[in-house]
J.: 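The structure under discussion is supplied below as C-alpha cells; questions concerning it will follow.
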Amino acid sequence: MKRIRIIITCTVCLYFQAVICQNALPVIVKKANGAYGFIVDGKPFTVLGAQLWNSSAWPTILDKTWPQIKELGCNTIEAPIYWQNIEPEQGKYNFKELDYLIEGTRKQGLRLILLWFASFKNGSSQYPPEWVLTQPNKYPRVKNSSGDEMMILSTVSQANIDADKKAFIAVMKHIKEVDGSNHTVIMVQVQNEAGALGTDRDYSEPAQSIFRKKVPAALTEKMNKKGGTWEEVFGAQAAETFSVWYLAKYINEVAAAGKQEYDLPMYVNAWPKEHGFQRPGEYPSGGPVSHMLDVWKLAAPALSLLAPDIYLGNYSTFNYLCKKYNRTDNPLFIPEMGKGTEFARNQFYALGNYNAIGVAVYGIDPYHADPNDERNKERLDDKFNYFKDNYRLLKGALDKIAELQGTGKLQAVGEDFALREQLLQAGDYDILFSYGFPGYKHNKELTGRALIGQLGEDEFLILGFDTKFQFKPKYGSGYSTAEIIIAEEGYYSNGKWVQTRIWNGDEIWHSTLTPDGTILKIKLRKTKKDAGSALKANFE
Ligand code: DGJ
C-alpha cells in the first residue's frame, strides 16, 4: 500500500529535471535553464513573506497578530526562535513557544521560515542563554583592536560552536518530530545578520595566533592565491576575509549538524554593506556581504543560499544587490525588505528580473518598541497596503511566474522618481510602459509596477498596477502595427487560466493596469498597415 502511494505521488517534472514527490521535504532545485526553484510538497513555491518583529514570536503576541497576517495575504511568515528561550538551562530544552508558533502557522494555512536567533543577531550576540553569556571564560568573546571584550561570541572557539550546534540539533530534531509530515516549516535561517559589529575582526589572543599563521590552503587554492599569512594573501581585506572564513565555517558546522537531523533548506542573511563608508565593522564584519560571497560559498557548503536583507530601496542599489546575489551558485531570496512603496515595486524587480524564489517584508505585526512607529494595533498598517495588493495579485500567477523565471521571457518594470516610461524588448515586439497618466490614480505615490511574461510568439501575460502599456512590432521587422486580437483579464488556478472578463473598447484604448491590480493575457497580431500608410493611401 505504502509503495503504491509513493508511485502515485512522485512524478518526473521535466521542467525541473527531477523526480518531485508530493510528500518529499522542501527543497531548492536548479532548473534545466539554470534558474532555481523552491519545491514544497511537490510543487513550485514562491515565498510571499512577512517577517515578525524580533520579540513577537510569543503566544501573547501571535494571538493578536494573526488577523493582520491574514489581512496581508502572505503565504509564509518568517519568525525568530530564540536560543535563550529554547535552552534556558544547559541541556534542558523548552519547545513550548516553538510548538505554538508551528501549530498557529499551520492553522492559518501558512508556511513558516524559522530564524535561529542564537550565537549571532545583527552583528552581536544578544540571544545566547544566560549560562553562555555569563561565562566568557568558557564561551569566549571577540575582542576589538583595543583589547576590549565585546558582546560577540568568538568564532574561533570550538566551545561556542559546540554549544550552539547542540541546541540547534535539538531544535531540528524536534521540528522533524512535530512537523516532519506537514512541512509547515519550509526553511531555516541560521543566525541573523551574523558578523561582528564595531570591529573588523576578532583580536582576542586565540584569534591573533590564528591570524598570524598561514591562510588555510583550502581557501588560497580555490581563490587562486599564493599561500602566506592573512595579511600577505589578502592585504587590506585580510581582517574581513579572516572574519568571513571563521564565521562561515562556524555557521556551516551548526547548519550541517541540524541538517543531519532534519534536512530542510538553510540559509544565512546579510546586513548589506552598501551604505555609509562601507567598512567592515560599520556593517557586521564576516557576514555574507556582496564582495565576500565566494569565500562564504567555499566555507559553508551546507547552506542553500546567502540572502541579502534589503532596506536600501533606491532603484539602482536594489537592482545591484539582486544582481550580486542571483548567481549560478546562489538563488536570490530576500528575507527582509522595508515597507515603503519602493519596496512593493522592488518585489516585482526581484521576481521578474532576478528569478527570486521569494521576497518578504519586515515588521508586519504592530507589537514592537519602535517609538517612531505609531501604528494602529487593531488592523494592518496602511503602509503595507501595496504589499497586500502585490500578494493578492501575484498569487493569481505565481506558478506561471516560477515557470517563466530563467527562460529570459519574464521581465519587470516599475515607476520611479523622474522615470516616466520604460521600453522593453520581448521577442518580436517592443513594449512601452508609461506611468502617471491614469486620471483615477488616487495618490501621487509611485505605484506603477508590472511583470511581463512572454507566453508565445504573439502572446503575453501582463500583471501589475498603474501602468500603461503599448505594443509595436520590433523596429526593422517589416511590421508596423501590433493589433490586440484579444485581451483577457483573469488569473491562474492550479495551472489553468481562468478568464473573468475580456478587455476591449475604452479599456484597450487606455491599456492601463488598474490601481487595484490587473492580470491580462494578451494575443497580438503583427500587421504591415499602420495609420500613417493608410492615410497616405487615401491622399494618393
Ligand atoms: C534587520 C534585522 O535582521 C532584523 O532582525 C531587525 O532587527 C531589523 N533589521 C530592524 O528593523
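Read the numbers this way: they start at 1 and go in the same order the structure lists the ligands and their atoms. Just the heavy atoms: all of them, side chains too, but no hydrogens, waters or symmetry mates, feed the values below.
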J.: What atoms of ligand 1 come closer than 4.0 angstrom to any heavy atom of Glu193?
T.: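 Those atoms are 1 (C), 2 (C), 3 (O).
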J.: How far is atom 1 (C) of ligand 1 from its nearest protein heavy atom, and which residue and atom is that?
T.: Glu336 OE1, 3.0 Å
J.: Hey, looking at atom 5 (O) of ligand 1, which of Asn54, Asp309, Leu52, Asn269 has the closest heavy atom?
T.: Asn54
J.: For ligand 1, indicate whether the residue Tyr362 contacts it via side chain, backbone, both or neither (heavy-atom separation under 4.0 Å).
T.: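 It is the side chain that gets close, since no backbone atom is under 4.0 Å.
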J.: Under 3.5 Å, is there a donor-acceptor pair linking the side chains of Asp202 and Ser204?
T.: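 Their side chains do contain a donor-acceptor pair, which is all the 3.5 Å distance test asks for.
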J.: Check whether any side-chain heavy atom of Asn122 lies under 4.5 Å from a side-chain heavy atom of Asn192, and answer yes or no.
T.: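 Yes; the side chains approach each other to less than 4.5 Å.
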J.: For ligand 1 and Asn192, I'd like to know whether there is a polar contact (N/O to N/O, distance under 3.5 Å).
T.: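 Yes: some nitrogen or oxygen of Asn192 is under 3.5 Å from one in ligand 1.
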J.: Give the ring-plane orientation class for Tyr246 versus Trp230, where under 30° counts as parallel, over 60° as perpendicular and anything between as tilted.
T.: tilted
J.: Once you measure the plane-to-plane angle for Phe168 and Trp116, does it fall in the parallel (<30°), tilted (30-60°) or perpendicular (>60°) bin?
T.: tilted
J.: For atom 7 (O) of ligand 1, what's the nearest protein heavy atom and its distance?
T.: Lys121 NZ, 3.1 Å
J.: So which heavy atom on Leu153 is nearest to which on Trp83, and how close?
T.: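 For Leu153 versus Trp83, the nearest heavy atoms are CD1-CZ3, 4.5 Å.
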